[in-house]
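For reference, the structure is listed below as structure tokens.
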Amino acid sequence: MYNAADKALYFSKRNGKNSYYFYGKAVNLDQEDNHETVVDIHQLERLIQDRKSFAGSYQVDYKEFQRIYNFIERCVERTHQKAQLMLVSLQDNHSDRVSQELLESEIQNLEDSIVRSLRRNDVSTRYSNRQILVVLIDIDGNKMNIVRNRISENYKESRKNDCYTIAFEQMPIERSVRRVRGC
């Protein structure tokens, strides 16, 4: 009984405020191997829908970023929509070693600055302890200066010292015909 209550509580927490769930073995949607359970489309939408609404870029871990990137690459191929891949790196201004705590604080400031600077349909991930990787959707290379300037300004306002500067690299997202054909 406690196990069923825990599962119901977990389900409710995962689906946001003001939700409730009555646990029953016949409708246990948390089990991966339970594909024979019949639910309607509205119930499934509630399960997969992200209830959190945040401004700024969509932050994900690197593995999830890879999946999203591959999906966007396929969409770009099909729809010819413009998209850009951008790498934002922290560069050390001093030759002496900077503490790990300061580096972590600065990469967090940079990450927060990027999230604040970008749109909800852009995606970002921390690639390393000095780099953030970003996919920008529905933008061509000509508009990237605006994005870089916005990120730079937000970072300058939030940084705690001047030990680091940021550098940008970018490229258009294009799915090459050679890769699609498997050559």
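It should be emphasised that the depicted structure is a prediction, and the values quoted were computed from it without experimental measurement.
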side-chain contact (heavy atoms from CB on, under 4.5 Å) assessment of Leu87 paired with Phe168: CA-CA 6 Å; Leu87 181 64; Phe168 299 91; over 6 Å; no
pair Thr165-Tyr155: side-chain heavy atoms closer than 4.5 Å: no
Contact between Ile114 and Arg116 at the side-chain level, heavy atoms closer than 4.5 Å - yes or no? no
I'd like to know whether Tyr58 forms a side-chain contact (heavy atoms from CB on, under 4.5 Å) with Leu118, so could you lay out the CA-CA distance, the side-chain angles of the two residues, the decisive distance to 0.1 Å, and finally the verdict. CA-CA 9 Å; Tyr58 185 55; Leu118 300 180; over 6 Å; no
Is it the case that one hydrophobic cluster holds both Leu102 and Ile166, taking links as side-chain heavy atoms less than 4.5 Å apart, direct or via other members? yes
Tyr69 versus Ile173: any side-chain heavy-atom pair under 4.5 Å? yes
Is the backbone of Ile137 close enough, under 3.5 Å, to the side chain of Arg119 for a donor and an acceptor to pair up by distance? yes
Within-4.5 Å side-chain heavy-atom neighbours: Gln108 and Ser105: no
Minimum-distance pair of heavy atoms, taken over all atoms of Phe65 and Val135: CZ-CG2, 3.4 Å
Under a 4.5 Å cut-off applied to non-hydrogen side-chain atoms, are Asn129 and Ile107 in contact? no
Looking at side-chain heavy atoms only, is the closest gap between Gln59 and Glu111 below 4.5 Å? yes
side-chain contact (heavy atoms from CB on, under 4.5 Å) for Val134 and Leu85? Distances and angles first, verdict last. CA-CA 6 Å; Val134 178; Leu85 180 65; over 6 Å; no
Are Ile68 and Met171 co-members of a hydrophobic cluster defined by side-chain heavy atoms under 4.5 Å apart? yes
Distance-only, no hydrogens or angles: does the Thr125 side chain make a donor-acceptor pair with backbone N or O of Tyr127 under 3.5 Å? no
As a quick check of understanding, evaluate side-chain contact (heavy atoms from CB on, under 4.5 Å) for Arg150 and Asn154, giving each step before the final call. CA-CA 6 Å; Arg150 194 179 315 135; Asn154 277 329; 4.1 Å; yes
Under 3.5 Å side-chain donor-acceptor pair for Arg148 and Gln170: yes
side-chain hydrogen bond (donor to acceptor under 3.5 Å, both in side chains) assessment of Ser89 paired with Gln131: CA-CA 4 Å; Ser89 303; Gln131 296 179 304; 2.9 Å; yes
More than 12 foreign heavy atoms under 6.0 Å from CD of Glu169: is that the case here? no
Side chain to side chain, Lys82 and Ile139, heavy atoms closer than 4.5 Å: no
Measure the shortest side-chain to side-chain distance between Tyr62 and Leu133 over non-hydrogen atoms and say whether it is less than 4.5 angstrom. yes
Under 3.5 Å side-chain donor-acceptor pair for Asn109 and Ser158: no
